[in-house]
Novice: 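First, the structure itself, so that you have it in front of you.
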There are 2 protein chains.
Amino acid sequence: MWANHSEGRLRVLLVTRVSGLEEELVNRALPGIDLQRTKKEPDTLKALADAEVVVADPVLVAHLLDQATRLKWLQSTYAGVDTLFTSCSRRDYVLTRMKGVFGPLMAEYTLGHILSRERHLPELYRYQQDRKWKPARYRRLSELVLGILGMGDIGQELARAAKVFGMTIWGLRTRRESLPHVDRLFTPDQLADFLSGPDYLVNVLPSTPATRGFLSGEGLKACRSSAVFINIGRGDVIDEDSLVRAIQEEWIAGAVLDVFPEEPLRPDSPLWALPGVTITPHVAAFGWAKDIADIIEANLVHYQSGEPLDHLVDWKRGY
Amino acid sequence: MWANHSEGRLRVLLVTRVSGLEEELVNRALPGIDLQRTKKEPDTLKALADAEVVVADPVLVAHLLDQATRLKWLQSTYAGVDTLFTSCSRRDYVLTRMKGVFGPLMAEYTLGHILSRERHLPELYRYQQDRKWKPARYRRLSELVLGILGMGDIGQELARAAKVFGMTIWGLRTRRESLPHVDRLFTPDQLADFLSGPDYLVNVLPSTPATRGFLSGEGLKACRSSAVFINIGRGDVIDEDSLVRAIQEEWIAGAVLDVFPEEPLRPDSPLWALPGVTITPHVAAFGWAKDIADIIEANLVHYQSGEPLDHLVDWKRGY
């Protein structure tokens, strides 16, 4: 399936800022692999001209790929590969991505923020500063509906974790097939029905032409007015004006936002100070060097043996 | 097993401040039951003189029970019945308690505070006020050991919820029998070994002569210096001076405290402002009227039919 490699060794260009990943891969001393590493963009650009196999953070290479005339395979260190679609027009190489490593972290983030909000932790932290003893009632998670936009590996892991607290799970996905832990499944044409139920609405959709702006305009008007929108997918599923409006018009009660159309979120964005809105700096799921290296290593072995690669991106679907 | 009831009807004295419980029980119109309700202590005292069956919050009746000369059965609306041991010397009646209704709420509280701490939510809330975009690394729960002091129904529910996030679970209990979700089980004589592992140490022990002051003195010296102590059991498992010392001497890194030897926590307690300490006002697990009423109703039916009651308190064990 793959071209021959000179002298049986495979040169792999590694361009990443994922904490500890470079060290992890170097330390593994993968058999038959020569790791070439670049840090600065001019060096990366030069190395790309000659590279057949690249392991990279999409944001570090997408705009340079036109120069990679010999590129056969790019292994993304991220789950989201949208930059490779938007900053580059090439579709003539094999693209693989991360999968299965971010779900548990996304679940931690989502449940952590839901529990913090339901249990009034921000208020309790303030009361403590004033040495104030002030109990307040709360809802229990078993009374709440969690709606998940995007039922891939991350959405399914989220459903599994939320279910342990007895939440009712509604999911939205393109394919209509039942999934464990999901109480009701909707397709995109049933969006308004889907939005009418959840107390928390979590977006984990990838960024594709089909999902960009999916909730923009009056999309969130179908939500319960008490609903909270959590975005840990991609920031462009809704434009900022639409989101601000949804909160100001009280279509929804608030939001927990980890991703934005432009990051870092600019200091003058109205989102920072909007009531009911929590802003976090794209931290829902950091890559763990070991997990990512495991997937890279497995795929390098596949490549060397001419086997099919794991977690192939479908250029048509966009993820 | 039980005495005859005049005219086939059972009079039940109900003394509770659990939100909505009185209404819930009244609305159920339990067959054959006459609910007598008192709010003020003099009325309660008077009614107790004549009462055979009492459903009550322990704190509202414990100090009055010497007057309840006809008392046969008391159904506590709480899981913790220690007040009935400490504020009253009588052991000549049947005592039943709540069980199985607080575990899920305790799990929400515990995981919520663990996730808030690990994901730096208090810092992120402050950064947001300053419109500051500042990502920081965090640990994932699957790297952490949760130690649970007390593996009854609450401890087991906690283990089940923490396991979904991949936490390693260590448990301490009197009986040595394996439990689902628990990776290592210790007995009280192995306390120092048990304490040496957990990143989070959660106390859900009831208050009994055996558990009072169990961690006082230098008990927490055996912990990891990075450990955080979470107390959702009873406040008297460790005295305040010992806890303050454990944190000041850096035997542990902090605490999340929901229960205290005296509540409300007095404004001049050093705990309020100790670094690494979170104080909450005994809110980990509120009683939900419906759940509590279900247990009361089931036990009233048992009592009326002369069947054994659920969730009997063992006067010797103390819970």
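Everything numeric in this text was worked out from a predicted model, so none of it was measured. First the proteins, then the strands, lettered A, B, ... as listed; each starts at 1.
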Novice: Can you tell me how far CG of Leu111(A) sits from CD1 of Ile114(B), rounded to the nearest 0.5 angstrom?
Specialist: 12.5 Å

Novice: Pick one of side chain, backbone, both or neither for His282(A), based on which atoms fall under 4.5 Å of a heavy atom in chain B.
Specialist: both

Novice: Can you tell which part of Lys163(A) gets under 4.5 Å to a heavy atom of chain B, answering side chain, backbone, both or neither?
Specialist: neither

Novice: Looking at OH of Tyr125(B) and CZ of Arg126(A), how far apart are the two atoms once the value is rounded to the nearest 0.5 Å?
Specialist: 10.5 Å

Novice: Which residue out of Pro104(B), Ala136(B), Ser142(B) racks up the most heavy-atom pairs below 4.5 Å with chain A?
Specialist: Ala136(B)

Novice: Would you say Glu108(A)'s side chain and Arg119(B)'s backbone share a donor-acceptor pair under 3.5 angstrom?
Specialist: no

Novice: Starting at CZ of Arg131(B), measure out to CG of Leu271(A) and round the result to the nearest 0.5 Å.
Specialist: 9.5 Å

Novice: Sort Arg139(A) into side chain, backbone, both or neither according to what part of it lies under 4.5 angstrom from a heavy atom of chain B.
Specialist: backbone

Novice: If you count heavy-atom pairs within less than 4.5 Å of chain A, which of Asp268(B), Leu141(B), Leu124(B) leads?
Specialist: Leu141(B)

Novice: Out of curiosity, Thr280(B) OG1 to Tyr127(A) OH, how far, rounded to the nearest 0.5 Å?
Specialist: 13.0 Å

Novice: Please give me the minimum heavy-atom distance between Ser19(A) and Arg137(B), naming the atom from each residue.
Specialist: CB-NH1, 3.8 Å

Novice: Counting only non-hydrogen atoms closer than 4.5 Å, does Arg266(A) touch chain B with its backbone (N, CA, C, O), its side chain (CB onward), both, or neither?
Specialist: neither

Novice: Leu121(A) versus Pro122(B): any side-chain heavy-atom pair under 4.5 Å?
Specialist: no

Novice: Using non-hydrogen atoms only, which part of Glu143(A) is less than 4.5 Å away from chain B: side chain, backbone, both, or neither?
Specialist: side chain

Novice: What is the distance from atom CZ of Arg140(B) to atom CG of Asp291(A), rounded to the nearest 0.5 Å?
Specialist: 4.0 Å

Novice: Do you know which of Gln129(B), His113(B), Glu118(B) has the most heavy-atom pairs with chain A at a distance under 4.5 angstrom?
Specialist: His113(B)

Novice: So Phe286(B) and Tyr138(A), would you call those rings parallel, tilted or perpendicular, with 30° and 60° as cut-offs?
Specialist: parallel

Novice: What residue, out of Gly166(A), Gly112(A), Ala107(A), has the most heavy-atom pairs lying under 4.5 Å from chain B?
Specialist: Gly112(A)

Novice: Which bit of Asp130(A) comes within less than 4.5 Å of chain B, counting heavy atoms only: side chain, backbone, both or neither?
Specialist: neither

